[in-house]
Amino acid sequence: MGVPLSYYIGLAVVLFTIGAIGVATRRNMLVVLMSLEIMMNSVNLVFISFARFRGDVGAHGIVFVVIAVAAAEVAVGLAIAIQIFKHNRSVNVDEADKLKY
Amino acid sequence: MSAEMIVFWILAIGAVLGALAVVLPPFGRNPLHGALALVVSFIFMAGVYVQLSAFFVAVIQVLVYAGAVMTLFVFVIMLLNLTPEELAQPKYSWYKVLSVFSALAIGFIVASGLTHVLVHFHAASIPATFGNAASVGGVLVKKWLFVFEFSSILLLSAIVGAVLIARKRRS
Amino acid sequence: MISTSHLLYWVLFPPLIGAFFNGVFSRHLSRRVVHWVGVGMPFISLLAVLTAVLRLTGMGHDASVTATLFPWITVGTLHIDFSLFLDPLSSVMTLVITFVGSFIHLYSMGYMEEDPGYARYFSHLNLFLFSMLLLVLGRSLPLLFIGWEGVGLCSYLLIGFWFDDTTKAKAGKKAFIVNRIGDFGFLLAMFLLAFVMKGDLSFPGIKAAVLAPGSYFHAHLGFVTLVTLLLFVGATGKSAQIPLYIWLPDAMAGPTPVSALIHAATMVTAGVYMIARLNFLYILSPTTMAVVAGIGALTALYAATIGIAQNDIKKVLAYSTISQLGYMFLAVGVGAFGAGVFHLMTHAFFKATLFLGAGAVIHAMHGEQNIWEMGGLRKHMPITNFAFLSATLAISGVPLFSGFFSKDDILYQAFTHRIVVNGHQVLPAWLFQLYWALGLIAAIITAFYMFRLYFVAFTGSLRSKTAHPHEVNWSMATTLIVLGTGSIVMGYVGMPIEKLNVFEHFLDPVFEASAPFIHSTGNPTTMWSLMGASVTAAGIGILLAWLMYAGAWRNFPQAFTTKCKHLYSLVFHKYYVDEIYGALVVRPLMWTRDVLHQVVDKGIIDNIFVNGSARFVDLVGRGIRIVANGDVQAYVAAFLLGALALILIIF
């Protein structure tokens, strides 16, 4: 085992930060959703790393559930994106502000 | 530098580059390109999982993300068929700058804060079956049975919800 | 074969079923169904009562029937059953209620014929009958109180039956509110009793506790006085005595059969019934007895004087009801419980007849109630005339009519009774003679104003130009004949001859406990001379009325009113009691209300709590809407900033 735990966690942090920046800055809703997927994957990486280093396979179950949640979220999120596109003729998140106040 | 280290670096750089390609505007202007970059990133991630003996999760990662989720993304992108005019230009505002700063700061603080803690962590010895389908399945139906069943309900409601939301409305 | 205790359910529940049926399905029923149910149910009750009472008399002296339906309240030692109780006193009451009540239902069929609220009317009337029966059949004070409140409610509903007329709706409210004041006293008394009785409020229980050697009640006469006076406050409300009588004249706003049933024959006698029922308690306190008799005598006289100056046929009868109720309280107040209940019964018959006769007249005159518009009705309405005249003779105390026997009995006993405690006479003899004198004067006035009414409305010739009086239809006529005959013959059950006084012998077991406290100084000579005085009183009254309204002194009333204008207007305006109450009670309450409304409600509660909280939320909203601009990515920025702050705090 050559690679220390901190490398994996470092990779997870980097991916999480990239995902967060994507969520915060990109206007296209589809890309925002993709960035969210990156963030979730980084979290999965943390789970799996600790599972390996602690020798506890239990975390894999949680990863499995996270993947399920991510899939569900994408399905619903894309459905909402389609509806918003029908309404606004665009999928830009900053234009979907009709429900404010 | 050991062989494992070399492999890790290759996988890590690939994953990060893919993620960057999704997020950064020059590459991600067209969402289809973003989706393809995401697939690349996820496949590299799956390699990292294999390195961590999470074989089953790696396979699921490829099947669900690269297969199902990406297909969904691509379908929607093609369904919407966004024209270049509809694809908005990047827009800058003070709170986006604030977000980027905050995200970077969080990443930096967490990374630097954790490194010297994690140094003391050494890999445990694990059985050969660690992370294969049988062991993960055992965990799912023994330890996380409720969560597992609950995720099936979640998926079902997501299906129903997605159909309901995206359906064409009469009236 | 239904057992006697089960028969009590057959007495009590048919009217409830009728009320429910007509009340719930009123919109979907034809008139025929409505009155078959609404009138049929009381008659079922009547049959059941007759059977039950016949069986009770067969059971011998001191018998009673108890029927327990279910335990009602059980809290600690307080245990109240929903149980019914038939003894001679409640037999008399149920008989009167169901008999008079059933026939008034029959009468209503004709009287309310054209009213759009036909089903509602019968529903309320049946409900009233149920409540009244519960009142007299209830075995405990709380159960009596349910009936007490129930009849109050029905009275309110029926006074305000034509509620689209504001004055009528207001009359209903007035009755309800004035009664509430009395009920407050009743409730307080009940609570006090419940403490002493350790939760057992049934009549036999109270009686046993009072009669037990060394009982709490004998040792604490002040307590007994307090409880009985508080109960009497309730009675003054329900039975329209001074000072709470003011609602009854206004209650005439209801349909006339209602006035006959509720505000003359049954409900208003509830107070008398209650005191008769608790005679063993009342007799312990001479103070209370004196107060009850005094209020009764004063009311009898006072209301009779107002009756002279009224021109509305129903108002005259209303004041005469108050006056007659005064007689009943005078009776129970001097310990003549049997005579009080006897007068209650005869009064139920002749006053119901009078009201129903008045109703027939009003019906025939197309709603006209002023007696000076009537006249000569004797020729147009012979059946009504027969009933009205016999009832008038009865109420005036003309010998051989029912009212004569009962009223004379009361006056005789008022004159001769003395209340004796431990061998000592506790109230002075002059007090009883004073009460007798007041009663006698009231009797003269009663005869006078009742015959004034009769002569003005029924003799002479018709004054109204527009009315075309006609005789009533069969349902009203039947009732008038039955009750009119009743007001002649009902007196014979209680003739003032020891052997023939079936009525009071029947009631004796109920009043046994109080008998040792009452000492009668009477002898046949006193009896006959007092009877002579009563007859003379009635004679004087009738003669004066005849002279002034049908005979030689025809101009006298006119001359008198112009000469003694102030006296006349004082009496005509009912001594301005309503106005005095208005100034003393209602005005201060209104003032308090205004202060509370303006300062507390509008100033403090509305301004600070209601509008203040709204304004606060509004202000917060205005502040927050700047932040909530609808852009998700601004929220993400806030979220990330928050996460950063959290991490900085933790590390």
Side-chain angles (χ1 to χ4, degrees), chain A residues 1-11 13-22 24-28 30-31 34-35 37-38 41 45 48-49 51-55 57-58 60-65 67-72 74-76 78-83 85 89-92 94, chain B residues 2 4-5 8 12 15-16 19-20 22-23 28 31 34-35 38 42 45 48-49 52-54 57 60 64 68-69 72-73 76-77 80 86-88 91 96 99-100 103-104 107 110-111 114-115 118-119 121 123-124 126 130-131 135-136 139-140 143-144 147 151 154-155 158 161-162 165-166:
Chain A
M1 260 327 286
V3 186
L5 179 57
S6 54
Y7 278 56
Y8 290 111
I9 302 301
L11 174 60
V13 170
V14 169
L15 284 172
F16 188 87
T17 312
I18 293 172
I21 291 171
T25 57
R26 296 301 305 269
R27 296 176 69 195
N28 191 320
L30 302 173
V31 180
M34 291 181 208
S35 305
E37 295 300 317
I38 294 171
N41 246 286
L45 179 56
I48 288 169
S49 309
R52 171 67 188 80
F53 279 77
R54 288 171 53 85
V57 79
H60 289 199
I62 295 298
V63 169
F64 188 84
V65 174
I67 290 173
V69 170
V74 165
V76 176
L78 286 175
I80 294 175
I82 290 171
Q83 279 303 324
F85 182 77
R89 303 307 305 171
S90 96
V91 285
N92 295 338
D94 49 0
Chain B
S2 66
E4 287 181 0
M5 204 59 151
F8 172 77
V16 170
L20 283 174
V22 174
V23 168
L38 191 64
F42 282 169
M45 290 287 287
V48 178
Y49 293 169
L52 285 164
S53 322
V57 175
I60 294 292
V64 174
V69 172
L72 198 58
F73 264 112
V76 172
I77 289 164
L80 299 181
E86 283 165 345
L87 288 169
K91 210 160 112 184
K96 281 186 184 172
S99 297
V100 171
L104 289 174
V110 171
L114 285 180
T115 30
L118 297 175
V119 167
F121 245 102
I126 48 166
F130 185 87
S135 65
V136 175
V139 168
L140 279 178
K143 197 171 180 186
W144 302 119
V147 183
S151 66
L154 177 78
L155 283 172
I165 293 169

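Below, chains carry the letters A, B, ... as their sequence lines are ordered, and counting in each starts from 1.
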Measure [X] against the heavy atoms of chain B and call it side chain, backbone, both or neither at under 4.5 Å.
X: A:Leu45; value: both
X: A:Asn41; value: both
X: A:Ile80; value: both
X: A:Phe16; value: neither
X: A:Ile9; value: side chain

What I'd like to find out is whether the side chain of [X] reaches to under 4.5 Å of the side chain of [Y], using heavy atoms alone.
X: B:Phe42; Y: A:Glu37; value: yes
X: A:Val3; Y: B:Leu52; value: no
X: A:Phe53; Y: A:Tyr8; value: yes

- Task: Please round to the nearest 0.5 Å and tell me the distance separating atom CG of B:Leu104 and atom OG of B:Ser99.
- Result: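 Here the rounded value is 10.5 Å.
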
- Could you grab the distance from atom CZ of B:Phe73 to atom CG of A:Leu30, nearest 0.5 Å is fine?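 The distance works out to 6.5 Å.
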
- Query: Looking at the rings of B:Phe130 and A:His60, which for Trp means the six-membered one, are their centres under 6.0 Å apart?
  - Reply: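 Judged by ring-centre distance (under 6.0 Å), B:Phe130 and A:His60 do meet the cut-off.
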
[X] to [Y] - nearest heavy-atom pair and separation:
X: A:Thr25; Y: B:Val100; value: CG2-CG2, 3.5 Å
X: B:Ala103; Y: A:Ile21; value: CB-CG1, 3.8 Å
X: A:Thr17; Y: B:Gly107; value: OG1-CA, 3.6 Å

- Message: Heavy-atom cut-off 4.5 Å, strictly under: side chain, backbone, both or neither for B:Val76 against chain A?
- Response: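 The answer is the side chain of B:Val76.
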
Do you know which of [options] has the most heavy-atom pairs with chain A at a distance under 4.5 angstrom?
options: B:Leu114, B:Leu154, B:Val110; answer: B:Leu154
options: B:Ser135, B:Ala162, B:Gly131, B:Ser151; answer: B:Ala162
options: B:Gly161, B:Ala111, B:Ala68, B:Ala54; answer: B:Ala54

Heavy-atom pairs under 4.5 Å with chain B are the metric here; pick the option from [options] that has the most.
options: A:Ile67, A:Val74, A:Leu78; result: A:Leu78
options: A:Val63, A:Val65, A:Val14; result: A:Val65
options: A:Val69, A:Ile82, A:Val13, A:Ile38; result: A:Ile38
options: A:Ala75, A:Ser35, A:Gly19; result: A:Ala75
options: A:Ala70, A:Gly61, A:Ala81; result: A:Gly61

